[in-house]
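For reference, the structure discussed in these notes is given below.
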Amino acid sequence: MAKISATRFAPSPTGHLHVGGARTALFNRALARKLGDSFLVRIEDTDQARSSETATLGILEDLSWLGINWDIGPVHGKSGGDPNNIGPFYQSQRLSIYKGIVEQLLETDLAYPAFETPDQLDKMRKDARQKKVNFRYRRDKSFSRTNAIARMQREPHVIRFKMPDGPIKVTDQVLGEIVFGDEHVEDFIILKRDGFPTYHLAVVVDDAFMGIRHVLRGQEHLNNTPRQVALQKALHYATPLYYHVPLIFNQDGSKMSKRDKDKVVRSFYRETINRSEILKDLPKLLQKEVTLWEKDKNRQLSPKSLSSLADGLEVNLPEIDVEDFRKAGYLPETVCNFLSLLGFSPGKQDNTDENLERFDQKYFCENFETAKLGHSNAKFDRKKLLAFSAEDINNLTPDSFLKHWEEWAKRYEPWVFDSFGLAKCTLIASALQSRCKTLADLTSQKGPGAFIYLDDRGVVFDDKAVAKFLMKGEPSGLKILSEVRSVIANMITFNPEDVELRVQEFANEHQIGLGKVAQPLRVAVTGIAASPPLGVTLNLLGKTSVLIRIDSCLSQHLKGFSQN
RNA sequence: GUCCCCAUCGUCUAGCGGUCUAGGACUCCGCCCUUUCAAGGCGGCAACACGGGUUCGAGUCCCGUUGGGGACGCCA
């Protein structure tokens with residue numbers, strides 16, 4: 001047994017890391033730091049059909065991006081390693097260990113082979129359900145060990161653990177003492193037909209071999225705990241301390257899960273009337289996949305296919321995975337801070353009422369306490385996350401903000417820096433920083449910088465803005481615009497201060513308020529009534545573009561104006 | 001259906017028997033600042049699920065009801 005003391009995060013690589021998993025990782029690391037334990041990552045890939053190396057890599061990358069580094073485990077970037085020689089950290093590479101344990105259990109009559117096929121079991125479960133009784137697999141009274149061992153040699157089989165009789169007590173560090181009656185805990189499978197261990201066996205064996213003394217995980221595992229405790233007793237392993245934390249929910253109160261994206265697309269697809277037309281526009285391979293998927297509720301589309309279909313249906317996929325939030329332009333620190341608050345509260349310090357919610361992971365690790373963990377499930381509030389994000393982005397130094405944006409853009413919108421160059425992007429960043437809630441807002445078509453990316457002759461004018469700032473009043477905005485145009489045209493320097501100064505002078509000369517000049521100009525070059533300060537807005541576009549846009553605006557609206 | 005967990009503003013939560021006419025954060029609303037939009041500053045609305053106990057005293061302890069959630073896989 002390992003001589004170290006560790007906490008662990010043990011994801012199964014069946015897709016991207018989702019926020020619930022990320023939170024578990026965050027809590028485990030904090031617990032480890034608080035305890036002075038090592039923090040270990042282990043890949044639970046005992047499901048041959050669903051696990052993939054791509055998913056593993058994705059999860060490790062997601063953790064790294066969040067800044068969650070691990071001491072022991074798969075090597076990725078600066079994380080991982082095996083200083084105590086307790087690896088490997090992929091369960092698929094530990095098969096011989098589990099087999100040895102299973103043999104030991106078999107020899108000591110603590111486990112036995114079983115021969116029912118999955119179909120047979122399915123039927124047994126259905127029958128039980130129909131009779132409204134609880135199904136629980138227990139070894140037959142007429143069970144003969146010698147017979148079974150002999151049959152093992154020639155028949156496909158699983159190995160089941162002999163669950164001891166009597167209730168099992170679990171002591172949880174968060175929830176307290178919980179007693180599970182044995183009427184539910186069956187002789188569960190520890191070795192599958194394919195020779196792979198089940199989760200229960202692998203987790204118990206690995207935790208023991210890897211020195212895991214503290215197990216913090218989601219409450220969905222609470223009902224698994226008695227099985228694992230029974231197994232630990234049978235194997236004479238120490239039972240780790242358990243910490244079961246509440247779940248993370250969607251706004252509608254359902255559990256936030258990996259399947260949510262599929263669910264959203266499915267329900268939207270069902271309600272779409274012209275779905276056959278949409279289907280036609282998809283690639284042939286995808287068409288086949290969708291047809292199969294449509295018929296089978298339990299089937300899930302691959303992430304790629306799912307997003308293609310979502311595009312076709314024009315549905316927005318919910319953000320569930322860490323990668324989704326990265327793409328949406330959140331800073332990793334923001335995501336970590338927000339996630340840390342789901343099921344954990346920093347409490348009150350010195351009885352002051354100040355807001356203690358905004359903290360970094362250093363603070364979280366130092367102040368993490370079991371007593372500060374909540375007991376009830378938490379809904380994931382995107383609006384609050386967005387508010388945190390806006391605040392964090394605003395608090396960044398201009399330099400750091402630019403770097404974050406550049407890094408993000410390189411991954412998701414490479415055209416920005418490619419076509420505008422660093423100098424212009426620096427200007428854009430400084431103009432938009434306080435107006436952005438996420439990094440994605442910087443390039444969003446609905447974002448505060450949308451006007452920057454417009455074609456000079458393709459400005460789309462907002463009707464209300466045009467009516468209010470160009471058509472109304474005497475003199476009208478259009479008239480002022482046509483007069484101020486020459487002021488702009490005659491400018492030699494074009495920095496924000498000069499622009500503001502000249503426009504102010506113009507207003508003074510004509511004895512009108514600044515707004516009377518600024519708003520028509522703003523509408524002319526952006527199409528809408530809101531933008532960064534006028535000087536910055538015009539400077540960002542450059543004199544040439546500004547003049548083209550003014551002219552284009554005048555020619556589009558003067559016509560309509562004279563007719564009225 | 002069976003077992004398990006949970007229950008304070010719309011949401012995240014503070015509260016560990018009296019200091020609670022219940023505090024903070026997000027949302028929403030108002031005001032200030034202001035050439036627009038942001039940012040920033042100030043203020044406001046808003047909750048102890050219900051019913052029984054225990055106690056001099058209950059958001060805080062106990063029981064029940066109701067409600068929410070989880071588990072019941074050769075998934076993890």
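Each chain gets a letter, A, B and so on, in the order the sequences are listed, and its residues count up from 1.
Aromatic pair A/Phe249/A/Phe380: ring centres not closer than 6.0 Å. When ring centroids are compared, A/Phe344 and A/Phe364 come within the 6.0 Å threshold.
For the pair A/Phe180 CZ and B/U2 C1', the computed distance is 14 Å after rounding to whole Å. One interatomic measurement links the two molecules: CG of A/Leu342 to P of B/C26, which rounds to 16 Å at whole-angstrom precision. Taking atom CG of residue A/Asp194 and atom P of nucleotide B/C74, one finds them 12 Å apart after rounding to whole Å. Straight-line distance from the NZ atom of A/Lys372 to the P atom of B/U13: 15 Å, rounded to whole Å. We find that CZ of A/Phe359 is positioned 15 Å from P of B/A25, with the value rounded to whole Å. Regarding A/Leu386, its CG atom lies at a distance of 15 Å from the C1' atom of B/A25, rounded to whole Å. Rounded to an integer number of Å, the gap from A/Ile190 CD1 to B/C75 P is 14 Å. Atom CG in A/Leu356 sits about 16 Å away from atom P in B/G23, given to the nearest Å.
With both ends at atom P, the span from B/C29 to B/U66 equals 39 Å, rounded to whole Å. A distance of about 46 Å separates the C1' atoms of B/G52 and B/C42, rounded to the whole Å. The same atom, P, is picked in B/G1 and in B/G18; the two are 41 Å apart, to the nearest Å. Look at the P atom in both B/U8 and B/A14: the space between them is 10 Å, to the nearest Å. Separation of the C1' atoms belonging to B/C5 and B/U21 is 34 Å when rounded to the nearest angstrom. The same atom, P, is picked in B/A25 and in B/G43; the two are 10 Å apart, to the nearest Å. On the P atoms, B/G15 is 16 Å away from B/C9, given to the nearest whole Å. Here the separation of B/A7 from B/C63, taken at their P atoms, is 13 Å to the nearest Å.
Residue contacts shown for A/Pro448 are absent, as no nucleic acid heavy atom lies under 4.0 Å away. Nucleic acid contact class of A/His244 (heavy atoms, under 4.0 Å, all strands): none. When heavy atoms are screened at a 4.0 angstrom cut-off, A/Ile189 is found touching base atoms of the nucleic acid. Backbone-only engagement by A/Gly343 is indicated by non-hydrogen atom pairs under 4.0 Å involving sugar-phosphate atoms exclusively.
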Between A/Gln48 and A/Ser92, does a side-chain hydrogen bond (donor to acceptor under 3.5 Å, both in side chains) hold up when you go through it step by step?
CA-CA 9 Å; A/Gln48 288 195 83; A/Ser92 59; over 6 Å; no

Go through A/Leu396 and A/Asp392 one step at a time and tell me if the side-chain contact (heavy atoms from CB on, under 4.5 Å) criterion holds.
CA-CA 6 Å; A/Leu396 250 27; A/Asp392 286 344; 5.8 Å; no

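Side-chain proximity of A/Ala387 to the nucleotides B/C5, B/C26, B/A76 is greatest for B/C26.
Looking at A/Asn224 and A/Tyr199, their side chains never bring a donor and an acceptor atom within 3.5 Å of each other. Side-chain contact annotation: A/Arg94 with A/Gln91, donor-acceptor N/O pair under 3.5 Å absent. Judged purely by distance below 3.5 Å, without hydrogens or angles, the side chains of A/Ser531 and A/Thr537 pair a donor atom with an acceptor atom. For the residue pair A/Asn250/A/Asp260, the side-chain donor-acceptor check at 3.5 Å is satisfied. Residues A/Glu357 and A/Ser345 bring no donor and acceptor atom of their side chains to less than 3.5 Å of each other. For the residue pair A/Gln445 / A/Tyr453, no side-chain donor-acceptor distance below 3.5 Å is found, with atom types taken as modelled. A/His214 and A/Gln173 are not linked by any side-chain donor-acceptor pair at a separation below 3.5 angstrom, with hydrogens and angles left out of the test.
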Got a list of protein N/O to nucleotides 18-20 of chain B N/O distances below 3.5 Å?
none

List, with names and distances, any nitrogen or oxygen atoms from the protein found under 3.5 Å away from nitrogen or oxygen atoms belonging to nucleotides 7-11 of chain B.
none

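Scanning residues 120-135 of chain A for heavy-atom distances under 4.0 Å to RNA chain B yields A/Leu121, A/Arg125, A/Arg129, A/Lys132, A/Asn134.
Each of A/Gly181 and A/Asp47 lies near RNA chain B, and the nucleotide nearest A/Gly181 is the one positioned closer to the 5' end. Summary of the strand contacts: A/Thr46 and A/Leu222 both lie near RNA chain B, and taking for each the nucleotide with the nearest heavy atom, the more 5' one is attributed to A/Leu222.
Contact of the A/His244 side chain with the A/Thr225 side chain is registered, since non-hydrogen atoms from C-beta on lie closer than 4.5 Å. A/Met491 has its side chain within reach of A/Phe494: a pair of non-hydrogen atoms, C-beta onward, lies under 4.5 Å apart. Counting heavy atoms from C-beta on, the side chains of A/Lys437 and A/Ile393 never come closer than 4.5 Å. Looking only at side-chain heavy atoms (C-beta outward), A/Phe161 and A/His200 stay at 4.5 Å or farther from each other.
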Where along nucleotides 59-69 of chain B does protein come under 4.0 Å, by heavy atom, of base (B) or sugar-phosphate alone (S), with - for untouched nucleotides?
----------S

Indicate for each nucleotide in nucleotides 33-51 of chain B, in 5' to 3' sequence, whether protein heavy atoms under 4.0 Å reach the base (B), only the sugar-phosphate (S), or nothing (-).
--BBBBS------------

What side-chain donor-acceptor pairs closer than 3.5 Å can you find for residues 118-125 of chain A, not counting sequence neighbours?
| unit_1 | atom_1 | unit_2 | atom_2 | d |
| --- | --- | --- | --- | --- |
| A/Gln120 | OE1 | A/Thr117 | N | 2.7 |
| A/Gln120 | OE1 | A/Thr117 | OG1 | 3.4 |
| A/Lys123 | NZ | A/Asp127 | OD2 | 3.3 |

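Under the 4.0 Å criterion applied to side-chain N and carboxylate O atoms, A/Asp187 and A/Arg136 are not assigned as salt-bridge partners. Ion pair A/Asp165/A/Arg138 flagged as a salt bridge, since at least one NZ, NE, NH1 or NH2 atom sits closer than 4.0 Å to an Asp/Glu carboxylate oxygen. The pair A/Asp207-A/Arg8 meets the salt-bridge criterion, since a charged nitrogen lies less than 4.0 angstrom from a carboxylate oxygen.
B/A7 is paired with B/U66 under the Watson-Crick or G-U wobble criterion, all donor-acceptor distances under 3.5 Å. Here B/C31 sits opposite B/G41 as a Watson-Crick or G-U wobble pair (both hydrogen-bonding atom distances under 3.5 Å). In this structure, B/A47 makes no Watson-Crick or G-U wobble pair, since no nucleotide meets both defining distances under 3.5 angstrom. In this structure, B/C72 forms a base pair with B/G1, meeting either the Watson-Crick or the G-U wobble geometry with both donor-acceptor distances under 3.5 Å.
Side-chain nitrogen and oxygen atoms of A/Thr117 include none within less than 4.0 Å of the OP1 or OP2 phosphate oxygen of B/C74.
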